[in-house]
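The structure under discussion appears below in the form of structure tokens.
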Amino acid sequence: MRLRIRLKLAGKRIPVNYRSLIQGFIYQAIGNNEYSQSLHNVGQRLENRPFKLFVFSEIFGDTQYDSRNHTILFLSNANFEISSFDDELLYRLANFLEQNDFIVLGKEVIPLLGYEIIDDFIKQEEVLTFKTISPVIINKTENKRPIYLYPSTLEYHEMLINNILKKHFLCFDTPANDFEIIEIANIKEKKVYFRNIFYISYNYEITFKNLTQELIQLIMRTGIGSKNSMGFGMLRYEKGNISI
């Protein structure tokens, strides 16, 4: 399950690096309580690594970039999506959206136009193609510095698959069946700042083979790659030229 949140953004400006603002909204909306504090500070851990197991997309609408002020001017209303392996997070968000008429992103008060609950069930097929709706990060550390890998390399594929395998074990407590990445196509680099840290990420279309229903559910609800809870790695299913 995922939520699509519709915002009255026409005529408003927000910072181009807005991901931290959306993340802040999510934590604020689910309440300052034991659940939100545990999600923010701990998440779920495997091999001493935290996994928050939620992901959100970029904001989609007609925009104009203001390079002078590093802001985005919206020429239309817009929307973004949030998904989580834990439905409780989405129930809490939906409850907030039912009780409030606006959200705050930075200095802007944004009126809410509503939200939709999207069924993310996808029929299992031998080959499935997905499109990123927020860019993917895959990196390793050498000499305490991040090395960002390019999506067409074998090492990138291996690290991406390994990340999915770890999430699968964390969520289902069993190893995943064998699957593979057939192709990553239409690759576009995107450089992003998140709270003064610079990241190199990529948008693309990715085709998998032999995904089980559990793996489909996992990648749709938690995203792929790292930094998912910072707005990286969300997918949308592509069937021909039709996306859902």
Side-chain angles (χ1 to χ4, degrees), residues 1-5 19-20 22-31 33-58 79-97 115-124 128-138 159-179 181 194 201 206 208 210-238 243-244:
M1 186 174 76
R2 63 177 60 190
L3 299 181
R4 178 178 294 139
I5 299 174
R19 283 172 172 76
S20 63
I22 295 182
Q23 188 192 62
F25 152 69
I26 293 169
Y27 284 123
Q28 183 265 331
I30 63 178
N33 49 46
E34 184 177 346
Y35 175 83
S36 62
Q37 290 173 14
S38 175
L39 180 67
H40 183 275
N41 298 325
V42 181
Q44 297 188 51
R45 290 187 173 270
L46 181 66
E47 298 174 358
N48 205 34
R49 287 189 56 196
F51 292 86
K52 304 298 179 66
L53 301 179
F54 74 89
V55 64
F56 58 90
S57 74
E58 298 188 320
N79 67 82
F80 68 98
E81 297 180 13
I82 303 174
S83 186
S84 173
F85 191 79
D86 181 8
D87 284 344
E88 177 66 21
L89 185 149
L90 300 180
Y91 292 144
R92 288 170 180 260
L93 278 174
N95 184 61
F96 174 91
L97 297 171
Y115 71 95
E116 301 159 14
I117 298 174
I118 302 171
D119 183 2
D120 59 6
F121 174 80
I122 298 169
K123 183 181 177 182
Q124 185 177 347
L128 290 168
T129 298
F130 302 83
K131 182 178 182 179
T132 59
I133 53 175
S134 57
V136 181
I137 291 177
I138 291 287
M159 290 187 68
L160 194 152
I161 288 173
N162 188 50
N163 179 270
I164 294 171
L165 292 174
K166 288 180 179 179
K167 291 176 187 171
H168 187 280
F169 190 82
L170 186 63
C171 292
F172 297 105
D173 200 29
T174 58
N177 290 13
D178 289 339
F179 68 98
I181 296 170
F194 187 99
S201 57
I206 182 167
F208 292 95
N210 295 331
L211 291 180
T212 63
Q213 202 64 59
E214 287 181 344
L215 283 165
I216 294 169
Q217 178 187 8
L218 183 74
I219 65 175
M220 285 292 288
R221 296 190 177 186
T222 69
I224 61 174
S226 61
K227 315 294 184 187
N228 304 128
S229 66
M230 292 163 49
F232 292 97
M234 191 171 196
L235 299 179
R236 180 177 291 164
Y237 172 56
E238 295 285 303
S243 62
I244 62 172

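When a residue number appears, it is its place in the shown sequence, counting from 1.
The one candidate from I161, L128, T212 that meets the side chain to side chain contact (heavy atoms under 4.5 Å, CB included) condition with F179 is I161. Among I118, L3, D120, the single residue meeting the side chain to side chain contact (heavy atoms under 4.5 Å, CB included) criterion with E81 is I118.
A heavy-atom distance below 4.5 Å is found between the side chains of I5 and I82. For the pair F169 and L165, the minimum side-chain heavy-atom distance is 4.5 Å or more. Looking only at side-chain heavy atoms (C-beta outward), F130 and M220 come within less than 4.5 Å of each other. With a 4.5 Å cut-off on side-chain heavy atoms, F96 and Q28 count as touching. Considering only heavy atoms from C-beta on, N162 comes within 4.5 Å of K166 through its side chain. Side-chain atoms of N163 and K167, non-hydrogen and from C-beta on, do get closer than 4.5 Å to each other.
Closest of all the heavy-atom pairs between L90 and M1 is CD1-O, 3.2 Å. In plain terms, the two heavy atoms of V136 and T132 that are nearest each other are CG2-CG2, 3.6 Å. Nearest approach of A176 to L215, heavy atoms of both residues: CB-CD2, 4.0 Å. Closest heavy-atom contact between R221 and S83: CA-OG, 3.1 Å. Across I22 and S57, no two heavy atoms sit closer than the pair CD1-O, 4.4 Å. Between R19 and G231, the shortest heavy-atom contact is NE-O, 3.1 Å.
Every side chain to side chain contact (heavy atoms under 4.5 Å, CB included) that S229 has, sequence neighbours left out, goes to Q23, K52, F54.
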| What do the steps show when you test F172 against F85 for ring-ring contact (aromatic ring centres under 6.0 Å, His included), and what is the final call? | CA-CA 11 Å; F172 297 105; F85 191 79; 5.4 Å; yes

| said: What verdict does the side-chain contact (heavy atoms from CB on, under 4.5 Å) test give for I206 and L160, after you've listed the backbone C-alpha separation in whole Å, the side-chain angles of each residue and the deciding distance to 0.1 Å? | reply: CA-CA 11 Å; I206 182 167; L160 194 152; 4.3 Å; yes

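Between the side chain of S226 and the backbone N or O of I138, no donor-acceptor pair lies under 3.5 Å.
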